[in-house]
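Some notes on the structure that comes next.
Remember, it's a predicted structure, so these values are computed and weren't measured experimentally.
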Amino acid sequence: MTQSYRASGAFRKRGVISRLSDLIWPPRSLLSEEIVDRPGVIEPALWGELKFLSEPMCACCGFPLPDHAGPGDLCGACAAHKPAYDSARAALTYDDHARRLVLDLKRGGRRDGLPVFARWMAAAAGETVGRADFIAPAPMHWTRLALRSFNQAAWLAQALSRASGKPWKPGALTRIKRRKSQAGLSASERRRNVGGAIKASGAFKGKTVLVVDDVFTTGATLEACARALRKAGAAEVHAVTLARVVRPTDILI
C-alpha cells in the first residue's frame with residue numbers, strides 16, 4: 001500500500017514537472033514549428049503525408065515490391081546475393097519528412113520523438129521483436145561518439161527496448177576502425193568503407209539478435225553488423241530502422 005502510494009505520488013510529481021516544462025518550452029510537432037498538446041505529436045495534415053512501408057516487400061531486405069508480388073518474393077538484389085541478415089525492415093520511406101525526423105535526431109539530438117519512433121519500428125519489425133533475445137544498436141566509433149556525445153542508433157535501440165520489453169545490449173557491437181562518413185558514397189563504396197570495421201563484443205551462440213539503426217541506405221552497415229554477429233555464433237540476425245531509402249537519388253545521405 002505504502003509503495004503504491006509513493007509510486008502514484010511520484011507519478012503525479014513527474015506530471016506536474018512535465019506540465020510546467022511544457023509551459024516554458026511548449027512541445028513542437030515533429031515535422032514543423034507548430035505547437036502541439038504533447039511531445040511526439042505530428043499534426044494531422046503532415047501525419048497523413050508520412051509514407052509507412054507495408055507489404056508487398058522483399059522478404060529479406062524489406063524493399064517495396066510491385067502489388068502482384070507474393071509474401072516470400074525477393075527483390076533482385078537479394079535474389080542475386082543473399083544478405084548476411086535474415087531480414088531487415090523499416091518503418092518509413094526515406095523522403096523529405098523522414099529526412100527531417102532522422103536529421104533532427106541524428107544531428108540535432110532531438111529525443112522527444114523516440115517513444116513514437118519505437119512504436120513504429122516495433123510494428124515494422126513485427127514478430128522478430130518477440131523472437132529476439134536482445135536488441136543491439138549499430139555501433140559508432142568511439143572518436144565520433146566523443147565528438148557527438150551520443151549515438152542515435154543507441155537511442156532508438158533503447159526506446160525499442162522500453163516499448164517491447166526486450167533487453168538491449170549497447171556494447172554488443174563495436175566499431176573497431178574509424179572510416180570516413182558513409183554520406184555521399186555509392187553502394188559499393190559503402191560496403192568497402194565499412195568492411196572489417198565492426199566486430200561483436202562477446203559470444204552469442206544460438207542467439208537471435210535484432211540490430212537497430214536510423215536509416216537503411218544500401219544495407220552496408222547492417223550487413224557488416226550481421227557478419228560480425230554471425231561470426232560470434234548468432235543463429236539469426238534481423239534488423240529494423242526508422243527509415244529506408246527506396247529511390248537511388250536518396251542514397252547521398
Compare all side-chain heavy atoms of [X] with those of [Y] and state whether any distance is below 4.5 angstrom.
| X | Y | answer |
| --- | --- | --- |
| S87 | T128 | yes |
| Q152 | M140 | yes |
| R28 | R110 | yes |
| L105 | L156 | yes |
| I42 | L50 | yes |
| T208 | V237 | no |
| P66 | P56 | no |
| S32 | E43 | yes |

Checking D214 against T241 for the side chain to side chain contact (heavy atoms under 4.5 Å, CB included) test, could you report, in this order, the C-alpha distance in whole Å, the side-chain angles of both residues, the deciding distance, and whether it holds? CA-CA 5 Å; D214 55 353; T241 59; over 6 Å; no
Before you tell me yes or no, could you show the steps for C225 and Y85 under side chain to side chain contact (heavy atoms under 4.5 Å, CB included), namely the whole-Å CA-CA distance, both residues' side-chain angles and the distance that decides it to 0.1 Å? CA-CA 9 Å; C225 291; Y85 50 79; over 6 Å; no
If hydrophobic clusters are built by linking Ile, Leu, Val, Met, Phe, Trp and Tyr wherever their side-chain heavy atoms come under 4.5 Å apart, do [X] and [Y] end up in the same one?
| X | Y | result |
| --- | --- | --- |
| L101 | V245 | yes |
| F52 | Y94 | yes |
| L103 | F117 | no |
| L30 | L46 | yes |
| V246 | V215 | no |

Please check if the side chain of S161 supplies one atom and the backbone of A157 the other of a donor-acceptor pair under 3.5 Å. no
R244 side chain vs C61 backbone, donor-acceptor pair below 3.5 Å: yes
So which atom in [X] and which in [Y] form the shortest heavy-atom distance, rounded to 0.1 Å?
| X | Y | value |
| --- | --- | --- |
| A138 | T221 | CB-CG2, 4.3 Å |
| C75 | C58 | N-SG, 3.3 Å |
| H97 | L31 | O-CD2, 3.4 Å |
| C60 | C78 | CB-SG, 3.8 Å |
| A136 | V209 | CB-CG1, 4.0 Å |
| I198 | I176 | N-CG1, 4.4 Å |

Check the pair R100 / E49 against salt bridge (charged side-chain N to carboxylate O under 4.0 Å, His left out), numbers first and verdict last. CA-CA 13 Å; R100 172 164 184 165; E49 294 178 4; over 6 Å; no
Drop me the distance from [X]'s [atom1] to [Y]'s [atom2], to the nearest 0.5 angstrom.
| X | Y | atom1 | atom2 | value |
| --- | --- | --- | --- | --- |
| L114 | R111 | CG | CZ | 6.0 Å |
| L242 | F216 | CG | CZ | 14.5 Å |
| K166 | L210 | NZ | CG | 10.0 Å |
| L53 | W120 | CG | CH2 | 12.0 Å |
| D133 | K169 | CG | NZ | 9.0 Å |
| F63 | D73 | CZ | CG | 14.0 Å |

[X] with [Y]: basic N within carboxylate O range, under 4.0 Å:
| X | Y | result |
| --- | --- | --- |
| K82 | E223 | no |
| R230 | D86 | yes |
| K207 | E236 | no |

Passes side chain to side chain contact (heavy atoms under 4.5 Å, CB included), V211 versus L229? Steps please. CA-CA 10 Å; V211 179; L229 289 164; 3.6 Å; yes
Is the ring centre of W168 less than 6.0 Å from the ring centre of F134? no
Going by atom types only, do E34 and S29 share a side-chain donor-acceptor pair under 3.5 Å? no
Is it possible for you to check whether R175 lies under 6.0 Å from the centre of the six-membered ring of W142, through NZ or CZ, and within 45° of that ring's axis? no
What do the steps show when you test K199 against K231 for side chain to side chain contact (heavy atoms under 4.5 Å, CB included), and what is the final call? CA-CA 9 Å; K199 76 169 186 178; K231 190 174 181 179; over 6 Å; no
